Amino acid sequence: MTSLSQIENKWRKRWEEAKIFEADPDESKTKCMVTFPFSYMNGPLHVGHGFTATRVDVYARYKRMQGYNVLFPWAWHWTGETIAGASERVKAGDEILIRAFREVDGVSEEHLKKFVDPVYMAKYYTDDSRESVKRLGYSVDWRREFHTTSLYPTFSKFVEWQCERLREKGYIIKGTYPVVWCPHDQSPTGDHDRQTGEGVIPEEYILMKYKMEDGTILPSGTFRPETIYGITNIWINPDSDYVKAKVNGETWIVSKTAAGKLAEQQKTVEILENFKGKEIIGKHFTSPLSTRKMLVLPGWFVSPDNATGVVYSVPAHAPFDFLALRDLQNNPELLKDFNIDPTEVQAIKPISLISVEGFGECPAVELVDQMGVKDQHDPKAEEATKTLYKKEFHGGKLKQICEKYAGKPVSRIKDILIDDFKEKGIADSMYDLPEPVVCRCMTPCQVKLLKEQWFIKYSDPTWKQKTKETLAQAKIYPDSARQWFLNIIDWLKEWPCARRSGLGTALPWSPGWIVETLTDSTVYMAFYTINKHLKQYKITGEQLPFEVFDYIFYGKGDIQKISETTKIPTNQLQEMRNEFLYWYPVDLRVSAKELLPNHLTFFLFQHTALFPDHLPKGVGVNGMLSVEGKKMSKSKGNFVTLKTALNEFGADATRCALLLGGEGMNDPDWRRETVGDIKTKLNGFVSLAQNILDKANQPDHGHLEQWLIGVLQERTKIVTENLEQLKTRTALENALFEIWNDFRWYIRRKGHFKSDTLKSALETWLKLLSPFAPHICEELWSKLGHTDFVSLAAWPVYDETKVNIQAEETENLTKNVMDDTSNILKATKMTPKKIYYYAAAPWKWKVYLTALKKSADGNIVVGALMKELMSNPDLKAVAGKVAKFAPTLVQEINRMPEDMKQKQLQVAELNETELLETSQEFFAREFNAKVFSFQEDSQDIVDPQSKAKFAKPYRPAIYIE
RNA sequence: GCGGGGGUCGCCGAGCCAGGUCAAAGGCGCAGGCUUCAGGAGCCUGUCCCGUAGGGGUUCGUGGGUUCGAAUCCCACCCCCCGCACCA
């Protein structure tokens with residue numbers, strides 16, 4: 001007996017030999033290009049990759065069977081710093097990492113030694129993963145395979161072309177950008193590289209330049225620059241270290257730590273003097289917007305590590321400022337050390353500048369009272385600050401005192417105001433971290449302004465708008481992800497698209513920069529269309545100047561000239577152009593939802609910019625696969641590679657288990673035990689099919705055969721509709737379990753396997769199941785005597801004429817009668833000797849159908865119904881009975897769903913009597929009892945307990961003894 | 001905090017948008033039975049509680065509301081997952 005794994009190997013080999021997944025342009029067929037985002041080769045593919053990729057493959061196989069010319073290409077991502085970093089760590093002897101390679105990925109010592117070379121590592125995992133992809137039976141055209149980075153020169157050229165064209169369109173710009181920076185590593189510290197401070201991002205403080213009498217500037221950091229109109233004083237922490245420094249040519253006083261930060265932010269900083277804060281307390285200064293003299297006061301709450309360590313006070317609108325001021329006014333002795341005249345402090349009054357609904361002159365004062373905040377050390381002070389900030393920002397309007405900004409809402413005027421102030425030279429800005437960040441190397445991080453950084457301008461409003469149009473014309477599976485895309489498109493800002501280190505393609509115009517990983521993975525699907533030729537004709541990277549790509553993708557340029565300069569024959573150029581035009585755009589791209597906010601959205605943006613005539617047609621998003629209920633991770637020990645899964649369960653079981661895990665954006669879960677169960681189930685399917693193959697040889701075309709063929713039509717419809725929506729789980733559930741149940745019922749009713757209708761039904765079943773479990777379907781298909789592949793068989797088409805509602809309703813009735821009978825037996829705990837069934841009398845059917853018809857125009861009312869019934873002379877003859885019977889139907893029918901009514905109306909009067917008679921044998925077999933059936937009002941009725949009168953259409957009466 | 005997706009009878013999950021076919025599909029697991037027995041598999045029954053006649057009771061994160069009627073609609077709250085940027 002052949003084992004499942006032998007079967008899988010056999011068919012994989014046959015597919016490969018027959019090259020059935022190699023797709024070339026064919027004008028007679030509609031094309032369909034499906035893609036899976038290439039995965040990063042710093043480790044083996046795992047079952048999470050398998051989940052998404054299997055969905056792609058199922059769709060590909062389904063479409064192929066529908067007669068589409070399907071292209072499913074594959075590639076590998078090597079770009080970035082992670083592989084290089086891992087390689088470094090192997091070199092450094094990182095035990096944790098090495099153990100993960102050894103134990104989780106199953107890398108042998110011999111290979112592991114060579115992992116000090118990042119390229120070796122990438123190649124190793126690529127080979128390893130390719131094996132898994134093939135074993136899973138994915139219907140990939142391998143002729144188009146490649147990997148990224150400069151190590152694949154033709155692809156590298158493509159990326160250069162992509163960047164160059166983006167830059168021409170003005171979508172790549174140079175700029176400076178604040179990053180969280182580790183001074184030790186001399187590199188940006190991303191979230192995952194942090195010891196503490198995850199999620200912390202640099203915030204921009206506006207520095208308002210207040211002037212002391214000697215011209216020295218006190219740059220005071222704030223998020224609320226409009227409050228400059230309400231300043232009353234400045235706070236300095238008397239005990240902290242401050243410096244006087246030349247900053248960009250001006251003399252500033254800032255905290256000592258702030259001086260260090262400013263130096264990293266594109267400012268020249270030269271320290272002139274060190275001193276404690278108390279030395280400048282008591283001095284006077286002026287606001288650049290007025291001549292009023294104000295005091296520098298002691299504020300112990302001021303942190304020298306936050307922005308400049310210089311804080312200006314707006315007691316009318318900032319609870320902390322009000323509290324600190326009140327403390328000083330109430331405790332004049334605090335001022336003793338500073339040589340300040342207490343009366344001058346007493347005279348300070350809050351200055352109101354924002355009006356906000358629900359508050360009077362000084363919201364901060366009122367709120368502090370309302371909330372009962374005691375002093376500046378009260379934790380409620382922080383809460384009050386936040387509350388007021390929100391209220392004033394969203395609902396506040398500037399008052400008369402704010403001069404030309406008066407009357408404007410705070411939320412709308414803020415950015416304008418900042419620009420104005422900066423332009424006038426009275427404001428500057430700096431970045432700082434709202435919370436401390438410490439790098440993995442234990443070094444505290446700070447903000448650095450990176451200059452000469454290259455960005456993709458995803459912030460561009462026109463580009464955003466066009467990308468939204470791209471999104472609008474694309475199908476999104478599930479459609480609920482659409483809103484998320486829209487939000488991300490709005491939210492996206494400039495994206496740094498080049499890095500200094502790692503593997504990748506050099507930025508063509510700026511040596512020393514390498515194209516970043518999320519940038520070389522946005523439009524590469526276009527490269528699939530031509531890579532077949534590049535390989536076949538051994539075209540090198542040198543032969544691919546930008547003009548070649550311009551010709552292939554845009555049809556631009558003179559083909560003769562290009563051919564001359566590149567030595568690529570014109571026919572080859574022409575072929576590539578045709579191939580691109582044939583396959584593009586991408587019809588479907590699927591990824592897990594974690595990639596939606598970056599990769600998938602970039603994919604839409606860049607196609608919008610570079611391939612506006614070939615916009616993506618479909619994007620699928622699915623959940624994240626967890627393992628045994630937890631997020632998969634190497635360190636948690638629940639990392640399952642595809643190789644492991646394949647070794648244990650084989651391809652078909654792995655595929656089915658993954659798909660049955662979930663669909664939509666729900667997160668499926670991989671449980672070893674469940675996968676095993678599914679493998680068992682598939683074995684069961686094979687033996688059931690084998691049974692049919694062995695026994696189903698007699699022609700038989702009765703009522704039950706019509707029923708089976710009919711329900712298979714419905715299953716076909718459901719599976720097809722769901723696959724169309726990429727609802728792979730529901731589709732598989734129907735293709736496997738529901739159809740199985742149909743077969744079960746049929747075989748049960750027949751009591752044997754002999755009918756050859758089973759064989760033709762099995763044929764349909766195999767087709768519907770083959771996208772999911774292609775190997776076993778292929779095997780059984782051949783056992784049915786086919787010499788072709790089920791993978792290429794024509795997908796079943798729903799045929800309405802084969803649907804037999806009469807047969808369906810009959811079988812439904814049979815099931816109902818059975819259920820009712822068992823229910824009675826269960827309740828009475830009796831063992832039946834004789835069972836009597838009584839079909840409803842013809843006049844009841846008339847009443848029932850009349851009521852049903854009437855309910856088509858809305859709910860029926862008893863009175864109206866009766867009236868109509870009595871107009872029928874037949875019914876009028878039994879008026880008494882009708883009057884009793886009809887009302888019992890009203891509620892039942894009113895609640896019936898529309899499609900059920902429709903079906904029953906279509907069937908009209910079901911011949912229950914005949915059905916019960918022909919099924920007597922079946923019921924007798926099922927219940928192991930003698931079965932009799934009668935019509936309610938027949939002459940020879942045997943009805944010992946007078947049960948017959950309870951009969952209703954679709955609900956025969958029952959008596960059991 | 002913001003944005004997206006969720007919370008259903010042991011487990012996985014359908015149903016919810018368009019309220020009554022809903023004690024709520026299907027699968028798995030479990031229990032009993034039948035077949036078979038080389039192993040596996042197949043088939044049937046049961047699986048919230050009660051019930052000697054096809055019935056009744058209590059359920060769909062929590063608390064309210066709308067309705068003749070709510071798993072489904074509205075409001076509030078709680079919990080889980082994903083993303084929040086120089087990182088693949």
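Quick caveat, the model's predicted, so the values are computed rather than measured. Residue numbers start from 1 in every chain, and the chains themselves are labelled A, B, ... in the order their sequence lines are given, proteins ahead of strands. All values below were derived from every heavy atom in this structure, side-chain atoms included, with hydrogens, water molecules and symmetry-related copies excluded.
Base pairing of B/rC30: its partner is B/rG46, meeting the Watson-Crick or G-U wobble criterion (both donor-acceptor distances under 3.5 Å). Under the Watson-Crick or G-U wobble criterion, with both distances below 3.5 Å, B/rU59 has no partner in any strand shown. A 3.5 Å limit on both hydrogen-bonding distances identifies B/rG1 as the Watson-Crick or G-U partner of B/rC84.
Put simply, the side chain of A/K826 and the base of B/rG51 share a donor and an acceptor less than 3.5 Å apart.
Nearest-nucleotide positions on RNA chain B place A/W740 closer to the 5' end than the other of A/H599 and A/W740.
A salt bridge links A/K593 to A/D667: at least one charged side-chain nitrogen sits closer than 4.0 Å to a carboxylate oxygen. Taking 4.0 Å as the cut-off between side-chain N and carboxylate O, A/R748 and A/E926 count as a salt-bridged pair.
A straight line from CG of A/N683 to P of B/rG27 spans 18 Å, rounded to a whole angstrom.
Note on A/D819: nothing from the nucleic acid sits closer than 4.0 angstrom, heavy atoms only.
The aromatic rings of A/W670 and A/F649 sit perpendicular to each other, their planes meeting at more than 60°, with 30° as the lower class boundary.
For A/S480, the side-chain atoms get nearest to B/rG5 when compared with the rest of B/rG5, B/rA41, B/rC44. Between B/rA88, B/rA53, B/rU45, one nucleotide has an atom nearer to the side chain of A/R748 than all others, and that is B/rU45. Side chain of A/W491, nearest nucleotide from B/rC84, B/rA53, B/rU52: B/rC84. When distances are taken from the side chain of A/N487 to each of B/rU52, B/rG3, B/rG51, the shortest belongs to B/rG3.
Summarising the geometry, atom CG belonging to A/L693 is positioned 6.5 Å from atom CG belonging to A/L780; distances are rounded to the nearest 0.5 Å.
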